[in-house]
Amino acid sequence: MARILITSALPYINGIKHLGNLVGSQLPADLYARYMRARGHEVMFICATDEHGTPAELAAAKAGEEVSAYCARMHAVQAELARGFGLSFDHFGRSSSPQNRDLTQHLAARLAKAGLIEQVSESQVYSPADGRFLPDRYITGTCPACGYENARGDQCENCTKQLDPTDLINPRSAISGATDLEVRATRHLFLRQSALRARLDAWIDSQQGWPVLTTSIAKKWLHDGDGLQDRGITRDLDWGIPVQFDGAPWEGMEDKVFYVWFDAPIEYIAATAEWAEAQGLSDAAWRRWWRTDAGADDVRYVQFMGKDNVPFHTLSFPATLIGANFDGTEPWKLVDYIKSFNYLNYDGGQFSTSQGRGVFMDQALEILPGDYWRWWLLSHAPESSDSEFTWENFQAGVNKDLADVLGNLVSRVTKFCRSKFGETVPEGGAPGAREAALRAALEGRLRAYERHMEAMEVRKSAAELRALWVLGNEYLQEAAPWAAFKNDPAQAAMQIRLALNLIRVYAVISQPFIPDAAARIMAALGSGDWSWPDDLAGALEVLPPGQGFMVPDVLFAKIGDEQRAEWAARFSGQRAEA
RNA sequence: GGGCCUGUAGCUCAAUUGGUCAGAGCAGAGCGCUCAUAACGCUUUGGUUGGGGGUUCGAGUCCCUCCGGGCCUACCA
């Protein structure tokens with residue numbers, strides 16, 4: 001039994017995430033977590049809401065709430081949606097937790113002690129009307145290069161020229177529209193990542209088999225131009241983790257907070273501490289996952305994220321942890337494997353939170369249960385390149401794979417048995433060559449499925465699982481128990497007993513993809529044996545003759561053409577305000 | 001501008017990192033079955049692997065070039 005630590009990129013707090021966000025991190029992370037638990041490994045699956053930063057403040061203001069109240073409310077909303085999608089976090093934390101505050105301040109202090117923190121004076125645009133410093137992209141104005149009037153302070157979206165906010169003509173606040181902007185001097189802490197560049201480079205080089213997407217992005221940042229740049233880790237905001245030093249104000253840093261990207265990954269650790277507290281456990285319970293001097297040396301740590309998150313997970317966060325261990329007294333667990341994903345597009349364009357384009361998690365669950373989405377999204381995960389959601393493809397995938405291949409199989413087997421033998425696993429008959437061939441075919445595909453799941457090859461895993469389901473239909477067609485029943489009822493009994501057991505095995509192995517449907521199958525069959533079919537022959541005899549079962553309700557309803565058309569129309573345009 | 005990824009049958013994707021690999025699923029066509037959510041099974045039609053050139057005994061697989069799509073480019077997170 002191995003110990004596996006799994007983290008999903010943290011969903012940001014300002015609103016409900018769309019399906020692209022879901023399939024890029026939380027969903028595949030959950031798939032892996034469920035699979036590893038099913039294989040008997042000890043798993044710690046951590047996620048949390050990422051709550052700090054300017055967008056959270058603005059979203060709260062827009063909602064007319066205190067930012068802390070807003071975050072608490074949205075955290076509850078996101079947690080509920082996560083449950084709806086069957087996301088099996090061991091803990092779904094909050095980056096605003098006391099644990100994260102303490103740990104973030106602690107790690108910053110360690111980095112300072114290591115000489116990896118530097119105070120830098122810089123000029124920032126301040127908006128008196130908004131009462132805040134404005135991040136570059138919250139300043140808009142006319143692009144000096146192309147004349148586009150809504151250019152952002154970091155880059156003109158029209159001509160793609162990179163800008164400095166002070167380049168803009170007629171700059172104004174993107175928040176209030178205020179034009180009385182001024183440039184003020186401010187001081188910030190910088191993490192001297194550049195000092196760790198060689199360490200990070202060697203560390204990346206030492207990793208085996210990481211996705212190209214992961215390493216190429218990391219390498220780009222390490223070697224592009226002047227190499228890895230130091231990074232500001234503080235901001236002039238109210239909402240965030242105060243920049244303090246062992247509880248005392250950090251000189252010159254009064255009224256500042258840590259940059260959200262500094263504290264967000266630290267929340268992976270802090271959330272584990274939150275978990276320990278919630279479980280009534282001691283610090284040792286979470287430290288054995290995160291400190292190699294406290295038991296984490298045999299932990300395998302896997303992170304899941306969209307490609308936009310890669311730089312922070314390959315560079316900044318490792319730099320934080322490596323730097324904090326400058327004297328060898330705080331060996332933090334570094335990630336062992338980073339599974340990164342491309343983007344899921346929506347029907348020819350991008351999902352857009354701001355434009356309300358695409359399907360959001362709450363809307364998805366209003367339409368259909370989580371399993372439908374889990375299956376389609378995972379079987380189309382954007383692993384090698386961006387992939388695309390279309391209602392036609394969604395309908396086809398759900399109807400064919402879930403309703404026809406798996407759902408109908410469960411239906412035909414249980415209903416046939418009920419009509420010929422009653423709702424009891426029938427006895428009699430002896431397996432023959434056909435059954436041996438089925439077992440061999442299952443064995444081959446099951447091991448392939450396991451290999452793909454181990455390797456986090458999400459789409460290949462889904463394809464293999466589907467192929468396993470198909471074997472059931474093939475067997476039934478060949479065995480034809482409805483024909484055998486006429487002349488040799490015992491033969492038919494054996495065949496259908498095997499089929500019932502096969503369905504149970506399908507429930508067990510399909511559980512990582514479609515946990516709810518799997519549970520319904522198991523409940524209908526009256527089985528609570530979720531053990532993985534390492535011994536396939538044995539697993540196919542778990543349901544003994546005489547055991548009662550029930551015909552389950554239709555596992556997956558089909559999506560009709562009219563319904564599909566209606567949904568396509570409903571989600572094409574502006575999302576109604578939630 | 002720079003960097004990275006990507007372009008394989010109508011659609012979604014595979015091809016053990018140069019050696020029968022040109023494949024699967026869906027869609028289409030035909031046949032079969034009738035237990036089942038008009039479901040299932042079998043057979044089958046589609047591709048000169050974006051265009052062009054090159055290396056090699058041999059290239060979706062390597063090189064050059066052109067065309068198309070996407071992402072990143074460090075103060076959104």
Q. Base, sugar-phosphate, or nothing: which does A/Gln124 touch, judged by heavy atoms less than 4.0 Å apart?
A. base
Q: Rounded to whole angstrom, note down the C1' distance from B/C76 over to B/G1.
A: 24 Å
(Q) For A/Asp255, I'd like to know if atom CG has over 12 heavy atoms of other residues, nucleotides or ligands within 6.0 Å. (A) no
**Q.** Short side-chain N/O contact from A/Lys307 to OP1 or OP2 of B/C4, under 4.0 Å
**A.** no
Q. Reckon A/Asp308 touches a base, only the sugar-phosphate, or nothing at all at heavy-atom distances under 4.0 Å?
A. base
Q) Can you tell me how far P in B/U8 sits from the matching atom in B/G47, rounded to whole Å? A) 15 Å
Q: Report which part of the nucleic acid A/Phe485 touches: base, sugar-phosphate, or nothing (heavy-atom distance under 4.0 Å, all strands).
A: nothing
Q.
The test is ring-ring contact (aromatic ring centres under 6.0 Å, His included); show your working for A/Phe312 and A/Phe317 and say whether it passes.
A. CA-CA 6 Å; A/Phe312 303 99; A/Phe317 186 41; over 10 Å; no
**Q.** Side chain of A/Ser216 - closest among B/G41, B/A27, B/C4
**A.** B/C4
Q: Verify the contact: side-chain N or O of A/Arg466 to OP1 or OP2 of B/C26, cut-off strictly under 4.0 Å; return yes or no.
A: yes
Q: With heavy atoms under 4.0 Å as the rule, sort A/Val554 into base, sugar-phosphate or nothing.
A: base
Q) With a 4.5 Å limit on heavy-atom distance, are the side chains of A/Arg132 and A/Thr54 in contact? A) yes
Q) B/G28 and B/C11: how far apart are their C1' atoms, nearest whole angstrom? A) 12 Å
**Q.** Spacing of the C1' atoms in B/G19 and B/C62 (rounded, Å)
**A.** 14 Å
Q. Are A/Tyr268 and A/His313 close enough that their ring centres sit under 6.0 Å apart?
A. yes
Q: Select one nucleotide: of B/A14, B/A27, B/U37, the one nearest the side-chain heavy atoms of A/Lys460.
A: B/A14
Q) At under 4.0 Å between heavy atoms, what does A/Gly560 touch on the DNA or RNA strands: base, sugar-phosphate, or nothing? A) nothing
Q | B/A74 OP1/OP2 closer than 4.0 Å to side-chain N/O of A/Lys220 | A | no
Q.
Give me the stems containing RNA chain B, sorted by first residue, counting only three or more consecutive Watson-Crick or G-U pairs with both distances under 3.5 Å; say none if there aren't any.
A. B:1-7 with B:67-73, B:10-13 with B:23-26, B:28-32 with B:40-44, B:50-54 with B:62-66
